[in-house]
Amino acid sequence: MEYQDFINAVATRAKVSTDQAAALTRATLETLADRISAGQAEDLAYQLPEGLDDPLRKPPPLRGRGEHAKSLGLEEFVDRVAARPAVDRALARAGVRAVLTTLREAVSRDEFENAVAQLSKDFWQVIEPVGAGGGRRPGS
């Protein structure tokens with residue numbers, strides 16, 4: 001999947017402009033990188049096109065090792081995305097849903113499930129099932 005295809009898919013899913021989709025994508029991927037292991041973030045980044053990989057590779061400022069391993073629920077994750085620059089708070093939840101669903105389509109199933117396994121189970125509530133391509137929700 002190319003960068004613009006990813007952004008267009010997020011824009012369509014979240015019903016936002018491509019500029020808003022780009023901001024939501026960056027904020028969601030940065031927040032995701034804060035919450036999963038550095039190795040898993042790098043594995044995802046490796047499978048994404050240039051421009052989408054950077055938010056996963058940049059070390060978050062002021063992140064301590066203990067915080068990195070800390071569990072984060074969906075609502076707090078959405079709140080952190082909403083607090084990022086250039087993100088419209090009212091669009092954050094739809095943006096998280098759109099980005100995570102599009103990410104699921106852009107990377108291998110194993111890499112995606114390994115990343116989401118490091119998050120709380122409530123994240124599966126916002127990830128849309130994938131049609132063609134064999135995606136599924138664990139536990140369903």
Side-chain angles (χ1 to χ4, degrees):
M1 180 178 284
E2 297 297 321
Y3 174 86
Q4 198 57 52
D5 295 332
F6 192 103
I7 298 302
N8 289 342
V10 170
T12 299
R13 283 189 168 106
K15 297 178 175 67
V16 298
S17 71
T18 54
D19 287 344
Q20 289 171 311
L24 287 164
T25 298
R26 180 168 204 75
T28 301
L29 294 178
E30 286 174 349
T31 305
L32 181 63
D34 288 348
R35 305 320 310 164
I36 61 177
S37 70
Q40 186 61 56
E42 180 62 33
D43 289 348
L44 288 175
Y46 180 75
Q47 293 187 18
L48 292 173
E50 188 175 331
L52 293 175
D53 56 342
D54 287 345
L56 290 164
R57 288 190 168 123
K58 289 184 180 176
L62 307 175
R63 180 176 71 195
R65 291 221 179 258
E67 181 186 351
H68 187 354
K70 192 167 137 187
S71 180
L72 181 70
L74 175 61
E75 294 309 317
E76 186 178 350
F77 186 94
V78 170
D79 288 346
R80 289 187 184 199
V81 169
R84 301 249 181 196
V87 173
D88 181 336
R89 183 169 280 287
L91 301 175
R93 187 173 187 87
V96 167
R97 172 187 293 270
V99 172
L100 292 178
T101 300
T102 305
L103 181 64
R104 181 181 191 162
E105 294 174 349
V107 301
S108 73
R109 178 178 169 172
D110 287 344
E111 287 304 337
F112 182 79
E113 289 186 1
N114 288 342
V116 175
Q118 294 182 28
L119 304 170
S120 63
K121 293 190 186 308
D122 55 349
F123 278 79
W124 287 106
Q125 297 170 17
V126 298
I127 301 168
E128 298 169 15
V130 176
R136 65 165 177 77
R137 290 180 182 214
S140 37

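Treat the numbers as computed from the prediction; the structure is a model and nothing was measured.
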**Report entry** Q20 vs L91, side-chain contact (heavy atoms from CB on, under 4.5 Å): CA-CA, chis, key distance, verdict
**Finding:** CA-CA 9 Å; Q20 289 171 311; L91 301 175; 3.4 Å; yes
Query raised in the report: Are R93 and L74 side-chain neighbours, meaning at least one heavy-atom pair lies under 4.5 Å?
Result: yes
Report summary line: On a heavy-atom basis, the closest approach of A115 and I36 is O-CG2, 3.6 Å
**Report entry** Side-chain H-bond candidate by donor/acceptor type, R84 with T31, under 3.5 Å
**Finding:** yes
Query raised in the report: What are the two closest heavy atoms between A14 and A94, and how far apart are they?
Result: CB-O, 3.9 Å
**Report entry** For Q47, the option from L52, V107, D53 that meets side chain to side chain contact (heavy atoms under 4.5 Å, CB included)
**Finding:** V107
Query raised in the report: What is the distance from atom CD of E30 to atom OG1 of T25, rounded to the nearest 0.5 Å?
Result: 11.0 Å
Query raised in the report: Just wondering, do E42 and L56 contact through their side chains at under 4.5 Å, heavy atoms?
Result: no
Query raised in the report: Which heavy atom of A22 sits nearest a heavy atom of Y3, and at what distance?
Result: CB-OH, 3.9 Å
Query - pair F77-R35: side-chain heavy atoms closer than 4.5 Å - result: yes
Query raised in the report: Which pair of heavy atoms, one from L119 and one from F123, lies closest together, and at what distance?
Result: CB-CD1, 3.6 Å
Query - pair V116-E113: side-chain heavy atoms closer than 4.5 Å - result: no
Query raised in the report: Tell me, do M1 and P49 make a side-chain contact under 4.5 Å, heavy atoms counted?
Result: no
Query raised in the report: Does V10 reach the side chain of T101, with side-chain heavy atoms less than 4.5 Å apart?
Result: no
Report summary line: Between R89 and A82, the two heavy atoms sitting closest are NH1-CB, 3.5 Å
**Report entry** Ion pair check, R13 and E128, cut-off under 4.0 Å
**Finding:** yes
Query - Residues L103, L48; criterion side-chain contact (heavy atoms from CB on, under 4.5 Å); working and verdict - result: CA-CA 9 Å; L103 181 64; L48 292 173; 3.9 Å; yes
Requested in this report: Could you walk me through whether T28 and V87 pass the side-chain contact (heavy atoms from CB on, under 4.5 Å) test, one step at a time?
Outcome: CA-CA 10 Å; T28 301; V87 173; over 6 Å; no
Query raised in the report: Side-chain contact, heavy-atom cut-off 4.5 Å: Q40 with L44?
Result: yes
Query raised in the report: Looking at V16 and A21, what are the two nearest heavy atoms and their distance?
Result: CG2-N, 3.7 Å
Query raised in the report: Are more than 12 heavy atoms from other residues, nucleotides or ligands located less than 6.0 Å from atom CD of Q4?
Result: yes
Query - 4.5 Å side-chain heavy-atom contact, N114 and D43 - result: no
Report summary line: One should read off an interatomic distance between D88 CG and L24 CG, to the nearest 0.5 angstrom, of 8.0 Å
